[in-house]
Asker: 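First, the structure itself, so that you have it in front of you.
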Amino acid sequence: MEDRRILIDTSVVIDHFRKKNKQKSLLYELSEENTLFLSAISKFEFLVGTKLSQIRQTEKIIEGFYILSFNSNVADVASDIAKKLKTKNKIIEFRDIFIAATAIANNMQLSTLNVKHFKRIDDLELLIP
């Protein structure tokens, strides 16, 4: 398998964090032969959802990613996504729109366990487990 640049959704990180055997997680599998990225939005979601007693472990996991910023280009893509979803009456949570926009703006596949929401976005290439 070739080295790919993959944006990892929060759901994949949480799944890894919760598994006792980390080597059985999708995140571990993807990290073997790919370069993994995390959006600043996912970093925020993960940090907000972490208990204070687990903050060191959380920070250690996050250190393993390249973090992609939410910038002007990503904002433009996100607004286009939101408008398209709204016209189809298929709107999803804005944080998910921001994560999808980060993947599209950076020409990356998105790995997620939340396929139900992300599959609504036309230009998004999903890496489905």
Side-chain angles (χ1 to χ4, degrees):
M1 185 186 335
E2 67 184 61
D3 182 15
R4 295 177 291 178
R5 296 171 5 117
I6 301 171
L7 185 68
I8 302 298
D9 178 43
T10 313
S11 62
V12 176
V13 180
I14 291 170
D15 175 67
H16 176 80
F17 191 75
R18 290 181 177 164
K19 284 201 185 291
K20 288 186 183 195
N21 185 350
K22 306 294 187 206
Q23 294 178 341
K24 298 224 180 223
S25 73
L26 176 59
L27 181 62
Y28 182 85
E29 179 184 320
L30 292 172
S31 71
E32 291 290 324
E33 298 185 22
N34 301 287
T35 304
L36 304 183
F37 293 79
L38 196 66
S39 76
I41 306 303
S42 290
K43 179 180 178 181
F44 163 79
E45 287 182 321
F46 196 50
L47 289 172
V48 166
T50 299
K51 297 176 187 173
L52 288 176
S53 62
Q54 299 172 323
I55 198 71
R56 293 249 190 263
Q57 185 181 5
T58 300
E59 289 171 344
K60 186 173 172 114
I61 290 172
I62 290 172
E63 285 174 5
F65 293 94
Y66 295 97
I67 306 297
L68 297 174
S69 297
F70 186 87
N71 58 32
S72 181
N73 185 38
V74 175
D76 291 342
V77 173
S79 68
D80 289 343
I81 292 169
K83 288 174 190 175
K84 288 177 186 175
L85 291 174
K86 189 173 181 179
T87 60
K88 295 177 186 177
N89 202 27
K90 292 188 175 187
I91 197 74
I92 61 174
E93 220 279 333
F94 275 102
R95 288 176 294 186
D96 289 343
I97 291 172
F98 296 160
I99 292 166
T102 303
I104 293 168
N106 288 282
N107 298 311
M108 292 183 179
Q109 290 180 303
L110 177 68
S111 178
T112 185
L113 299 174
N114 184 9
V115 176
K116 181 180 177 184
H117 286 167
F118 287 107
K119 72 179 182 181
R120 298 177 188 181
I121 301 171
D122 293 333
D123 298 328
L124 181 62
E125 185 179 348
L126 293 176
L127 180 63
I128 301 172

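All values reported here derive from a predicted model rather than from experimental measurement.
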Asker: Do Tyr66 and Leu38 share a hydrophobic cluster (ILVMFWY, side-chain heavy atoms under 4.5 Å, transitive)?
Answerer: no
Asker: Which heavy atom in Glu45 sits nearest to a heavy atom in Ile99, and how many Å separate them?
Answerer: OE1-CD1, 3.6 Å
Asker: To the nearest 0.5 Å, what is the distance between CZ on Arg4 and CE on Met108?
Answerer: 12.5 Å
Asker: Linking I/L/V/M/F/W/Y whenever any side-chain heavy atoms sit under 4.5 Å apart, do Phe118 and Ile91 land together?
Answerer: yes
Asker: Looking at every heavy atom in both Ala40 and Ser69, which two are closest together, and how far apart are they?
Answerer: CB-CA, 4.3 Å
Asker: Quick one: closest heavy-atom pair of Phe46 and Thr10, and the distance?
Answerer: N-CG2, 4.2 Å
Asker: Can you name the residues that form a salt bridge (Lys or Arg N to Asp or Glu O under 4.0 Å) with Glu93, not counting sequence neighbours?
Answerer: Arg95
Asker: In Å and rounded to the nearest 0.5 Å, what is the CD1 to CG distance from Ile41 to Asp9?
Answerer: 11.5 Å
Asker: Do Val115 and Leu7 sit in one hydrophobic cluster, given that two such residues count as connected whenever their side-chain heavy atoms are within less than 4.5 Å of each other, even indirectly?
Answerer: yes
Asker: Ser11 side chain to Leu113 main-chain N or O, any donor-acceptor pair under 3.5 Å?
Answerer: yes
Asker: Enter the distance from Leu36:CG to Ile6:CD1 here, rounded to the nearest 0.5 Å.
Answerer: 6.0 Å
Asker: With rounding to the nearest 0.5 angstrom, report the CZ to CZ distance, Phe44 to Phe70.
Answerer: 13.0 Å
Asker: Indicate the atoms forming the closest heavy-atom contact of Tyr28 with Lys22, along with that distance.
Answerer: CB-O, 3.1 Å
Asker: Quick one: do Leu47 and Phe98 end up in the same hydrophobic cluster if we chain Ile, Leu, Val, Met, Phe, Trp and Tyr together by side-chain heavy atoms under 4.5 Å apart?
Answerer: no
Asker: Show, in sequence, the C-alpha distance, side-chain angles and deciding distance for Asn106 and Phe37, and conclude whether the side-chain contact (heavy atoms from CB on, under 4.5 Å) test is met.
Answerer: CA-CA 10 Å; Asn106 288 282; Phe37 293 79; over 6 Å; no
Asker: Who are the side chain to side chain contact (heavy atoms under 4.5 Å, CB included) partners of Asn71, not counting sequence neighbours?
Answerer: Asn73, Val74
Asker: How long is the span from the CD1 atom in Ile8 to the CD atom in Gln109, to the nearest 0.5 Å?
Answerer: 10.0 Å
Asker: Under a 4.0 Å N-O cut-off, is there an ion pair linking Asp96 with Arg120?
Answerer: no
Asker: Looking only at heavy atoms, which two atoms of Ala78 and Ile97 are closest? And how far apart?
Answerer: O-CG2, 3.5 Å
Asker: Applying side chain to side chain contact (heavy atoms under 4.5 Å, CB included), name anything that partners Asp123, two or more places apart in sequence or on another chain.
Answerer: Lys84, Ile104
Asker: Would you say Asn21's side chain and Gln23's backbone share a donor-acceptor pair under 3.5 angstrom?
Answerer: yes
Asker: Given the rule in the side-chain contact (heavy atoms from CB on, under 4.5 Å) test, do Ile121 and Ile92 qualify, once you have shown the distances and angles that lead to the verdict?
Answerer: CA-CA 10 Å; Ile121 301 171; Ile92 61 174; 3.8 Å; yes
Asker: Are Val13 and Leu110 linked, directly or through other ILVMFWY residues, by side chains that come within less than 4.5 angstrom of each other?
Answerer: no
Asker: Distance check, rounded to the nearest 0.5 Å: Leu30 atom CG versus Thr35 atom OG1?
Answerer: 11.5 Å
Asker: If you look at every heavy atom in Ser111 and Val12, which pair is closest and at what distance?
Answerer: O-CG2, 3.4 Å
